[in-house]
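Single-structure report; data block below.
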Protein chains: 2
Amino acid sequence: MAETEAAATHDNAAGIDSPLTHYLGYAMKRALSIVQADLSRVLAGFGLRAVSFSALSIIVARPGLTQTQLADALQIERSNLVTLIDELAGRGLIVRAPVAQDRRRHALMPTASGKKLAAEAKEGVTAHERALFSCLTAQEQEDLRHMLTKFRQAVSA
Amino acid sequence: MAETEAAATHDNAAGIDSPLTHYLGYAMKRALSIVQADLSRVLAGFGLRAVSFSALSIIVARPGLTQTQLADALQIERSNLVTLIDELAGRGLIVRAPVAQDRRRHALMPTASGKKLAAEAKEGVTAHERALFSCLTAQEQEDLRHMLTKFRQAVSA
DNA sequence: TATTGTTATACTCTATAACTATA
DNA sequence: TATAGTTATAGAGTATAACAATA
């Protein structure tokens, strides 16, 4: 009984949110939610979430940085970083090393297994993005990244 | 004492997350967070959040749609839509109208004041995006929207 | 039996204040 | 006095299960 109605709505279903698709913020949000869902699935295979992958990657690239610096880089509160660092440290992926010059600070250092996991996860994430964005040409992907980055830098300045 | 150190770190500070900026997902997330902060500020002036603006806009554009349809369009759970609809209805912006053919459903209809607020908020949001993305040319903005939309449609298909 | 709206609930994420130890 | 890390906590946002009314 709802067949014709269903068919009619189905024709429009993809565009029920058309009053919003014109907004860049909305387009970003919908695109990001797709990326996040796929990324979470990939990272779960490494026992990581997006935020823990981000933190671990930065610690590997910048060994010795402090929790405040990491929190600033990831734009999360220091207080919320604590349990995340606890988690990574508890798994033996990083250590909180004392800083001689300032005993308030913790120098975050990756362990050998932390570096190994970061490298493996990086390959996984790179493969995930390559596959997911294969509907865009290499040039389009580069343009997309360039515009997002340009926007962020321009607004932050 | 930390002056040289501070200066040194400041030179690199903008790029502490450089291990991540290459990822499109990360670039999207950082860009979106900027948009959301500004959008929230603008919408607060209308007593709206991003999600309530989205819901109201769709109800105005598609009067009579049901809660399930709206939840699908916005990709939120039906259960979580209930309080949102309560809120809009409580403010007299929309009504839950009975559907004669199927008394389980509620046809969501905008009121006159709902249409008015939606129109005003739309102007505000449009102005917010115009100002925020002024660092990108009109062509770049169009390209950005096109790629985000193309990506979403390609992956959803 | 299946669907719509609803309630209850739990889990994650995020934001804020206050504490400690150091500087 | 100010800062780094920590704790506690409250508020959003989100996901799931179960229910009543209706199909």
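Proteins come first, then strands; the chains are lettered A, B, ... in the order of their sequence lines, and each starts at number 1. The figures here come from the full heavy-atom set of this structure, side chains too, leaving out hydrogens, waters and symmetry mates.
- Grouping Ile, Leu, Val, Met, Phe, Trp and Tyr by side-chain contacts under 4.5 Å, direct or through others, leaves A:V99 on its own.
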Residues 70-87 of chain A side chain polar contacts: donor-acceptor under 3.5 Å, at least two apart:
{"from": "A:D86", "atom 1": "OD1", "to": "A:R96", "atom 2": "NH1", "distance (Å)": "2.9"}
{"from": "A:D86", "atom 1": "OD1", "to": "A:R96", "atom 2": "NH2", "distance (Å)": "2.9"}
{"from": "A:E87", "atom 1": "OE1", "to": "A:R49", "atom 2": "NH2", "distance (Å)": "3.1"}

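- Looking only at distances, a side-chain donor or acceptor of B:S156 sits under 3.5 Å from a matching main-chain atom of B:R152.
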Close N/O contacts between protein and nucleotides 16-21 of chain C (under 3.5 Å):
{"from": "C:dT16", "atom 1": "O4", "to": "A:S79", "atom 2": "OG", "distance (Å)": "2.6"}

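- Of the residues in residues 33-46 of chain B, not one comes within less than 4.0 Å of DNA chain D through any heavy atom.
- For the pair A:Q75 and A:V99, both in contact range of DNA chain C, the more 5′-proximal nearest nucleotide belongs to A:Q75.
- Of the possible polar contacts, none joining the A:R103 side chain to the A:P98 backbone as a donor-acceptor pair under 3.5 Å is found.
- By the rule that hydrophobic residues join a cluster once side-chain heavy atoms approach within less than 4.5 Å of another member, B:I59 and A:Y23 end up as members of one cluster.
- B:V155 is not connected to A:V42 by any chain of hydrophobic side-chain contacts under 4.5 Å among Ile, Leu, Val, Met, Phe, Trp and Tyr, and they are in different clusters.
- A donor-acceptor pair is defined here as one N or O able to donate and one able to accept, closer than 3.5 Å; such a pair exists between the side chain of B:T149 and the backbone of B:R145.
- Checking A:A100 against A:I76, the closest nucleotide of DNA chain C that is more toward the 5' end is the one next to A:I76.
- Between the side chain of A:T111 and the main chain of A:L93, a donor-acceptor pair closer than 3.5 Å is present.
- Legend: salt bridge (Lys or Arg N to Asp or Glu O under 4.0 Å) pairs involving residues 129-140 of chain A, not counting sequence neighbours, sorted by first then second residue: A:E140-B:K150.
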- Message: As a quick check of understanding, evaluate side-chain contact (heavy atoms from CB on, under 4.5 Å) for A:R91 and A:L48, giving each step before the final call.
- Response: CA-CA 11 Å; A:R91 290 177 58 190; A:L48 294 171; 3.9 Å; yes
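- Between the CZ atom of B:R105 and the C1' atom of C:dT3 there is a distance of 8 Å, rounded to whole Å.
- Annotation: of the two residues near DNA chain D, A:I85 and A:K29, the 5′-most nearest-nucleotide partner is A:I85.
- Atom CG in B:L84 sits about 14 Å away from atom C1' in C:dG5, given to the nearest Å.
- A:L24 places none of its side-chain heavy atoms less than 4.5 Å from the side chain of B:L132.
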Every protein N/O within reach of nucleotides 10-13 of chain D N/O, cut-off under 3.5 Å:
{"from": "D:dG13", "atom 1": "OP2", "to": "B:R49", "atom 2": "NH1", "distance (Å)": "2.6"}

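- Computed from coordinates, the B:L81 CG to D:dT16 C1' distance equals 16 Å when rounded to whole Å.
- Between A:Q69 atom CD and D:dA4 atom C1' there is a gap of 11 Å when expressed in whole angstrom units.
- The phosphate of D:dT6 has OP1 or OP2 within less than 4.0 Å of a side-chain N or O from A:Q67.
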